[in-house]
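Below is one structure; the comments refer to it alone.
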2 protein chains.
Amino acid sequence: MKRDLPSLALYAQVKEHISRKIQDGTWPAGHRLPSEHELVAQFGISRMTVNRALRELVDQGRITRVAGVGSFVAEDKPQSTLLQIANIASEIRHRGHDYRCQMLAVERVAASPDVAAWLDLRAGESVFHSLCLHRENETPVQLEERYVNPLVVPDYLAQDFTAMPPSEYLVRNVPFDQIEHLVDAVLPTAEQAEHLAMSMADPCLLLTRRTWTRTTPVTWVRCLHPASRYRLGSRFRANGNPSSG
Amino acid sequence: MKRDLPSLALYAQVKEHISRKIQDGTWPAGHRLPSEHELVAQFGISRMTVNRALRELVDQGRITRVAGVGSFVAEDKPQSTLLQIANIASEIRHRGHDYRCQMLAVERVAASPDVAAWLDLRAGESVFHSLCLHRENETPVQLEERYVNPLVVPDYLAQDFTAMPPSEYLVRNVPFDQIEHLVDAVLPTAEQAEHLAMSMADPCLLLTRRTWTRTTPVTWVRCLHPASRYRLGSRFRANGNPSSG
DNA sequence: CAGTGGTCTAGACCACTCC
DNA sequence: GAGTGGTCTAGACCACTGT
């Protein structure tokens, strides 16, 4: 069998193989994975090695396993903490509500000094910019302004974001190594308030997120939420033995 | 050797053995652990089993390992994401600034219906309540209102919180299994604005946190931050192969 | 019952570090 | 060189689920 990379551990190759199938949608949530025995035969490796790969996927929340039944692609990606917000579309649909993504802009612009610094480019270089409004039952809940590094995602402008919102497109196509979140409370500008159909006196949650692949910046995005219609949450169950406070 | 629990997996017994030595201070940060070979001899089990225990301790951030050198007790626990805010005192001191905790109230009160529901008690039952103001270089940065379950933390009222803030006291004394965070953007009430020496028109970040031990609620706390003086952040490096968005 | 995952063994080879 | 951890094998026994 061919090697993807020089001497990547066998268990890691199995993990990548399965992760890819999940990520690109070949194996949707709830889909049953091949059994350990089948993977042993398929990869020509020992069961302990397959078992380690699957155990680590469980730890990462990618799959769930039931002894005597099988292994399945995990339903939700509770991810950790703030990542939940990345998938506002599925979150809204999960509540049984209508979701709509309205594109206000998709364009190529010259990077301002700020944006250039954030994306580690030179000012004036070409970057992709998008502005879109996410609606829950036609009520605006998030104004998303995004800059994307064209070196990493050259096809960004060609996508139909009304079918697949920018965040989901990036999730499915760009692997990342690092993610940074900042959360602020702000008052909206007049223009933002108008897009969000809210008062300028009402506070908003502002989530700023940057992601990297290797050490290359991929995207910088600011998500503005009327606080009365959106809150950020996370539930965490302990693995080890940390403490409360 | 004696068994702690009936038929706990061998690798889990090794993990517990090591975790206990770390937690009770027998093995301080940086201390060198026995080698895999020594643990094999000590427990009379195979090396794969010892190896699994040690790998999982690495995943949990308890220890670090260097091939060719040895295994060592990990230095600090940076914790993940939002938990950072739990330790506002050390965070402020880490910036080289003065930290002060001013107690505005420490008392026993009858649980309102809301608080009773949050803590899973009956309305009117006795609960502990504290209100304190955290200052950075004498500037208020967090107004912390907290309710504590007296069944879990009976000695809460007797503590000197100016020496050790409530969050740190709980961190050090109550193990937890679950933690829930909610983040809102709000405008402060007149009273809150006065405590925080801010305008009522300026937005605040409101962090609400609940913790459980087993399934028993321990504490419910609301931390109010002037957004101009505080933002919430998290940096995350991927372990597996998740995606960006 | 056959199939699944959970665990465990007793070896093995390798790359690495320290002396 | 001896010691360390990183990985891997080819078996094994068990408890559990489904039919």
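For the pair L54(A) CG and dT7(C) C1', the computed distance is 15 Å after rounding to whole Å. Rounding to whole angstrom units, CG of residue N51(B) and C1' of dA12(C) are separated by 14 Å. Computed from coordinates, the I63(B) CD1 to dG5(D) C1' distance equals 11 Å when rounded to whole Å. Distance L57(A) CG to dG5(C) C1': 15 Å, rounded to the nearest Å. Distance CG (L8(B)) to C1' (dC14(D)): 16 Å, rounded to an integer number of Å. The interatomic distance linking R32(B) (CZ) with dG3(D) (P) rounds to 12 Å, in whole Å. Whole-Å rounding puts the E38(A) CD to dG3(C) P distance at 11 Å. Separating the NZ atom of K15(A) from the P atom of dT7(D) is a distance of 10 Å, rounded to the nearest angstrom.
Comparing atom distances between the M48(A) side chain and each of dC18(C), dA10(D), dT4(C) picks out dA10(D) as nearest. When distances are taken from the side chain of S71(A) to each of dT9(D), dT7(C), dG5(C), the shortest belongs to dG5(C). In this structure, the nucleotide among dG6(D), dT7(D), dT9(D) sitting nearest to the side chain of S46(A) is dT9(D). Closest to the side chain of S35(B), from the set dT4(D), dC8(D), dC8(C), is dT4(D).
The phosphate of dT7(D) has OP1 or OP2 within less than 4.0 Å of a side-chain N or O from R52(A). The side chain of T49(A) places an N or O atom within less than 4.0 Å of a non-bridging phosphate oxygen (OP1 or OP2) of dT9(D). The side chain of R47(B) contributes no N or O atom lying less than 4.0 Å from OP1 or OP2 of dT9(C). Contact check, Y11(A) against dT7(D): a side-chain N or O comes under 4.0 Å of OP1 or OP2.
Residue whose closest nucleotide on DNA chain D sits further toward the 5' end, between I45(A) and G70(B): G70(B). Both R55(B) and V69(A) lie close to DNA chain D; mapped to their nearest nucleotides by heavy-atom distance, the more 5′-ward contact belongs to R55(B).
Under the rule for a side-chain hydrogen bond (donor to acceptor under 3.5 Å, both in side chains), R32(B) has no partner lying at least two apart in sequence or in another chain. Taking the side-chain hydrogen bond (donor to acceptor under 3.5 Å, both in side chains) definition, one finds that Y147(B) meets it with nothing, sequence neighbours left out.
In this structure, the side chains of D155(B) and N173(B) stay at 4.5 Å or more apart for every pair of heavy atoms.
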>> Once pairs are restricted to Watson-Crick or G-U wobble with both distances under 3.5 Å, how does DNA chain D read as a dot-bracket string, [ ] for crossings and | for other-strand pairs?
In response: ||||||||||||||||...
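Applying side-chain contact (heavy atoms from CB on, under 4.5 Å) to L151(A) and the options T216(A), L121(A), L119(A) leaves one that passes, L121(A). The only member of L57(B), L54(B), L33(B) that meets side-chain contact (heavy atoms from CB on, under 4.5 Å) when paired with R65(B) is L54(B). Screening E91(B), R93(B), H134(B) for a side-chain hydrogen bond (donor to acceptor under 3.5 Å, both in side chains) with Y99(B), the sole residue that qualifies is H134(B).
The neighbour count for R95(B) CZ, taken as heavy atoms of other residues, nucleotides or ligands under 6.0 Å away, is above 12.
Minimum heavy-atom separation, V174(A) to V153(A): CG2-CG2, 3.9 Å.
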